[in-house]
Amino acid sequence: MKKLSILALAIGLLPGFSSCCKEGLNGNATVVVFPKKNGVPIVNHSAYPDTVYVKFNAKDLPGLRPSDYDTYFVGEAGEDHVHCEKLKCGDYYIFAAGLDTTTSTRVTGGMHVHIKHKERKNEFDVDVSVNY
């Protein structure tokens with residue numbers, strides 16, 4: 001009977017452990033995205049701020065339309081990064097878009113980001129390579 005109680009308790013705890021890394025918002029992690037073209041930062045332009053689109057529970061590019069993503073974050077003019085705040089642990093695909101002011105062209109690029117459970121309260125810096 002004691003073994004059965006321990007097994008029931010262990011099975012009852014499994015949903016709690018698996019649900020703590022459900023991707024999405026209302027978490028404590030922040031991913032700071034630095035869009036770079038050939039290693040050179042893309043600075044937020046006041047008329048065309050950098051935007052980072054985020055897809056929850058994704059490792060691969062979900063698409064190129066904003067509607068393919070679950071949320072987005074907009075950078076502040078003059079800064080070379082975008083803060084993606086309040087994320088939970090899990091897998092995300094981030095896609096950055098900005099303006100290369102040297103050529104006046106839109107540049108984009110993306111990558112997979114994994115936030116581990118033990119890192120769910122941290123801030124991460126991520127360089128994202130962007131091109132035409």
Side-chain angles (χ1 to χ4, degrees):
M1 183 68 174
K2 188 174 183 179
K3 288 182 182 181
L4 184 60
S5 296
I6 292 172
L7 179 62
L9 178 63
I11 290 172
L13 290 175
L14 284 177
F17 285 121
S18 64
S19 66
C20 64
C21 270
K22 180 97 171 112
E23 295 85 353
L25 298 174
N26 298 322
N28 295 314
T30 297
V31 176
V32 183
V33 178
F34 291 83
K36 294 184 178 181
K37 182 179 164 220
N38 299 324
V40 178
I42 300 296
V43 178
N44 284 288
H45 190 274
S46 60
Y48 196 108
D50 297 346
T51 304
V52 175
Y53 301 91
V54 180
K55 181 69 176 176
F56 306 152
N57 193 26
K59 294 182 181 180
D60 299 311
L61 176 70
L64 298 175
R65 298 180 315 245
S67 61
D68 294 328
Y69 294 84
D70 297 308
T71 193
Y72 66 93
F73 299 89
V74 179
E76 294 183 30
E79 293 189 348
D80 64 349
H81 59 277
V82 178
H83 287 91
C84 302
E85 300 174 313
K86 300 186 183 270
L87 297 174
K88 295 179 180 179
C89 56
D91 290 301
Y92 298 90
Y93 192 87
I94 56 173
F95 186 78
L99 178 68
D100 179 355
T101 56
T102 62
T103 59
S104 296
T105 55
R106 182 175 190 256
V107 291
T108 61
M111 65 181 289
H112 166 249
V113 172
H114 177 76
I115 301 172
K116 296 178 184 175
H117 181 266
K118 67 180 179 180
E119 301 168 332
R120 69 190 182 280
K121 296 181 181 180
N122 295 353
E123 180 174 295
F124 304 90
D125 291 347
V126 177
D127 290 345
V128 175
S129 179
V130 294
N131 294 301
Y132 304 110

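Since this is a predicted model, take the numbers as computed values, not measurements.
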Trainee: Between Val113 and Phe56, is there shared hydrophobic-cluster membership here, with clusters defined by ILVMFWY side-chain heavy atoms closer than 4.5 Å?
Mentor: yes

Trainee: Asp91: which residues meet the salt bridge (charged side-chain N to carboxylate O under 4.0 Å, His left out) condition with it, sequence neighbours left out?
Mentor: none

Trainee: Counting only N and O atoms by type, is there a donor-acceptor contact under 3.5 Å from the side chain of Asp50 to the main-chain atoms of His81?
Mentor: no

Trainee: What are the two closest heavy atoms between Ala29 and Phe124, and how far apart are they?
Mentor: CB-CE1, 4.5 Å

Trainee: Decide whether Tyr93 and Val128 are clustered together by the hydrophobic rule: side chain heavy atoms of Ile, Leu, Val, Met, Phe, Trp, Tyr closer than 4.5 Å, transitively.
Mentor: no

Trainee: If you round to the nearest 0.5 Å, how far is NE2 of His83 from CD of Glu76?
Mentor: 8.5 Å

Trainee: State, to 0.1 Å, how close Pro49 and Asn44 come at their nearest heavy-atom pair, and which atoms those are.
Mentor: C-OD1, 3.5 Å

Trainee: Could you give the distance from CD1 (Ile42) to CZ (Phe34), rounded to the nearest 0.5 Å?
Mentor: 13.5 Å

Trainee: Stepwise, does the side chain to side chain contact (heavy atoms under 4.5 Å, CB included) test hold for Asp60 with His112?
Mentor: CA-CA 7 Å; Asp60 299 311; His112 166 249; over 6 Å; no

Trainee: Where does the angle between the aromatic ring planes of Phe95 and Tyr69 fall among parallel (under 30°), tilted (30 to 60°) and perpendicular (over 60°)?
Mentor: parallel

Trainee: So if you build clusters from Ile, Leu, Val, Met, Phe, Trp, Tyr with side-chain heavy-atom gaps below 4.5 Å, do Val126 and Leu87 land together?
Mentor: yes

Trainee: Distance from Cys89 atom SG to Lys22 atom NZ, nearest 0.5 Å?
Mentor: 11.5 Å

Trainee: What heavy-atom pair brings Ser46 and Ala77 nearest, and what distance separates the two atoms?
Mentor: CA-CB, 3.9 Å

Trainee: For the atom pair SG (Cys84) and OH (Tyr53), what is the distance rounded to the nearest 0.5 Å?
Mentor: 12.0 Å

Trainee: For Asp125, which of Val31, Val32, Val33 qualifies under side-chain contact (heavy atoms from CB on, under 4.5 Å)?
Mentor: Val32

Trainee: Please tell me whether Tyr92 and Leu25 are part of a single hydrophobic cluster in this structure, the criterion being side-chain heavy atoms less than 4.5 Å apart.
Mentor: yes

Trainee: Are Val74 and Leu64 connected in the hydrophobic side-chain network, where two residues link if heavy atoms are under 4.5 Å apart?
Mentor: yes

Trainee: Quick check: closest heavy atoms across Val130 and Ala96, and the distance to 0.1 Å?
Mentor: CG1-O, 4.1 Å

Trainee: According to side-chain contact (heavy atoms from CB on, under 4.5 Å), who are the partners of Val43, at least two apart in sequence or on a separate chain?
Mentor: Asp80

Trainee: Where is the tightest heavy-atom contact between Tyr48 and Gly98, given as atom of each residue plus distance?
Mentor: CE2-C, 3.7 Å

Trainee: With sequence neighbours left out, which residue pairs that include part of residues 26-41 fulfil the side chain to side chain donor-acceptor pair (under 3.5 Å) condition?
Mentor: Lys36-Asp127, Lys37-Asp100, Lys37-Tyr132

Trainee: Could you report the tightest heavy-atom contact between Leu99 and Ser104, atom names first, then the distance?
Mentor: CD1-C, 3.9 Å

